[in-house]
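Everything on this sheet refers to the single structure shown next.
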Amino acid sequence: MTTEQEILVADAKADWELPSTEASIWFHEEGVVAVLPMPGEDLWRLFIDVTPIPKVERPKATIDVLQRLLRERTSHRDVTLHDAPWTSNFVVNQRMVSRYRSGRVFLAGDSAHVHNPLGGLGMNLGIQDAYNLAWKLALVCQEVASNALLDTYEEERKPIAKSVLDKTGTSGSILVTANPVMKAVRNFVLPRVLRSSGIQARILRTMTQLDDAYRGSSLAAVHVDSPLAGFSDSTSARDVRNRIDDSWRAPKAGERILDGSCRHLDGTKTSLYREIHGQTGFVLLLFAGDGTADVDSGVHLAEEVAGFGGIEIHPYVLVPEGAGDTPESSGVSVLVDVDGQLHSQYDATVSTLYLVRPDDYVGFWSQPPQAAPLTAYLSDCLHVCDDNSEVGPR
């Protein structure tokens, strides 16, 4: 759908006294203005709504026009723009393809979805498309996974894009509304709401898309073998899964991992994210829990599944402070959870397993860690090939 909304967008250097660590927005009768600091000295991304101006009178996004509108619609009456390497008149389209894949052709980024630029969601959405597809495509091209894995790209990314289009469509309509009542709400109520630190934090997480998740994906799986800490012996597996879905504090299957501080056995300080981010493969996190008896079994489990089906798996055993001697293993990294932060964040009061995908999302979660359910997940959900599997893109 092509809308009537038109926004002047530009990257330009600006001389004004705005903090370079914050985004700013002004609600003006003749159109909203928003600015975002960009990497580079005094460089800003500018958004100026010109929808209220009659279509035949809308100006082109030149540096003189942008400077004039900034002076008219913001509190910075003497702002000076210079060196604008990119300007554009952006006519808003809200569109999304019906399919992300057709045989060997995959669509990502703006070729798959376009929407209102206010909010700056488009770049992160496109990058996450590519991130989601890349590791799956690599496994299939390496003949490690079957072609069926590539169908999960659309399964996981299309709902995220639809959600972004719904949000930007709604917010865009509010920001450019011609309705007098809605305009009054926008100009006088919304600025007060946006001053809330809680609202600002929520907007930041929406813009960065850190809360996007694939909870309903066929690649998100849980294995529970009761009894578990916090559950009675009579608790059914279904009840356990419902509790995990509804109130589990830790990252669930299909959600992004959490960071936390830890150290190596030699005392070197590090963090979980620093250790695992950028690994070219899967990461296996084995939490020893509150006790120390499961450290040895965790190391052996990691060694057992390493290289299963040709998949690259980097195992880490996380142990509490004072866990004592740990088995030596050249293929398993041991990290000490000094203050218990990571065990708490991951609800690992008992031994717990997380399989982290190459895009830093949890694929599989298990309490207690067991090799058989994990290898079943790799075979059934990730479509790890056996000798009879179809491999390679069609």
Side-chain angles (χ1 to χ4, degrees), residues 1-14 16 18 23-38 43-77 79-97 109-126 161-191 194 203 206-207 209:
M1 176 181 69
T2 300
T3 73
E4 291 297 316
Q5 301 172 24
E6 186 170 343
I7 299 170
L8 306 188
V9 188
D11 286 347
K13 291 192 173 182
W16 53 13
L18 271 180
S24 299
I25 187 168
W26 293 267
F27 298 96
H28 191 274
E29 184 70 20
E30 296 180 6
V32 172
V33 174
V35 299
L36 295 169
M38 301 286 287
L43 186 63
W44 296 82
R45 173 69 52 84
L46 312 176
F47 302 90
I48 302 178
D49 175 36
V50 293
T51 306
I53 300 174
K55 193 168 184 178
V56 296
E57 300 176 13
R58 291 173 186 170
K60 294 296 181 183
T62 66
I63 194 166
D64 291 337
V65 167
L66 295 165
Q67 178 176 281
R68 174 175 60 82
L69 293 177
L70 284 175
R71 290 180 175 182
E72 290 174 356
R73 300 187 188 182
T74 75
S75 56
H76 296 268
R77 308 299 182 188
V79 60
T80 300
L81 297 184
H82 54 91
D83 192 14
W86 172 71
T87 63
S88 176
N89 281 61
F90 191 99
V91 177
V92 176
N93 289 278
Q94 294 282 117
R95 302 179 191 275
M96 185 173 70
V97 295
D110 288 352
S111 65
H113 39 71
V114 291
H115 54 83
N116 195 313
L118 288 171
L121 300 176
M123 182 184 71
N124 285 340
L125 187 62
K162 184 180 184 304
S163 174
V164 169
L165 262 68
D166 289 344
K167 291 174 183 175
T168 56
T170 300
S171 60
S173 297
I174 293 173
L175 291 176
V176 302
T177 182
N179 182 291
V181 176
M182 290 301 299
K183 188 179 289 188
V185 171
R186 182 197 71 186
N187 292 349
F188 298 105
V189 178
L190 192 55
L194 292 177
I203 291 173
T206 298
M207 291 176 65
Q209 298 174 32

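Predicted, not measured: the structure shown is a model, and the values here were computed from it.
Looking only at distances, no side-chain donor or acceptor of D110 sits under 3.5 Å from a matching main-chain atom of M123. Panel note: side chain N93, backbone V91; a donor-acceptor pair is recorded below 3.5 Å.
The two atoms that bring A23 and L36 nearest to each other are CB-CD2, 3.1 Å, heavy atoms only. Across A84 and A12, no two heavy atoms sit closer than the pair CB-CB, 3.8 Å. When all heavy atoms of D11 and L43 are compared, the closest pair comes out as C-CD1, 4.2 Å. Summarising the geometry of L81 relative to A14, their closest heavy-atom pair is CD2-CB, 3.6 Å, with the distance given to 0.1 Å.
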Test side-chain contact (heavy atoms from CB on, under 4.5 Å) applied to L165 and H113, step by step: CA-CA 8 Å; L165 262 68; H113 39 71; 4.1 Å; yes

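For the atom pair CD1 of I53 and CG of L8, the computed distance is 7.5 Å after rounding to the nearest 0.5 Å. In this structure, CD on Q67 lies 9.5 Å from NE2 on H82, to the nearest 0.5 angstrom. The line from CZ of R71 to OG1 of T80 is 5.0 Å long, rounded to the nearest 0.5 Å. Remark: I48 CD1 to F90 CZ distance equals 15.5 Å, nearest 0.5 Å. Atoms NE2 and OG1, on H28 and T74 in that order, are 9.0 Å from each other to the nearest 0.5 Å.
For the side chain to side chain contact (heavy atoms under 4.5 Å, CB included) test, residues two or more places apart in sequence or in another chain that qualify with L18 are W16, S24, W26, V35, W44, H76.
Put simply, the residue from I63, V9, T62, L66 that forms a side-chain contact (heavy atoms from CB on, under 4.5 Å) with T87 is L66.
Identified under the salt bridge (Lys or Arg N to Asp or Glu O under 4.0 Å) test for residues 56-70, with sequence neighbours left out: E6-R58, R68-E72.
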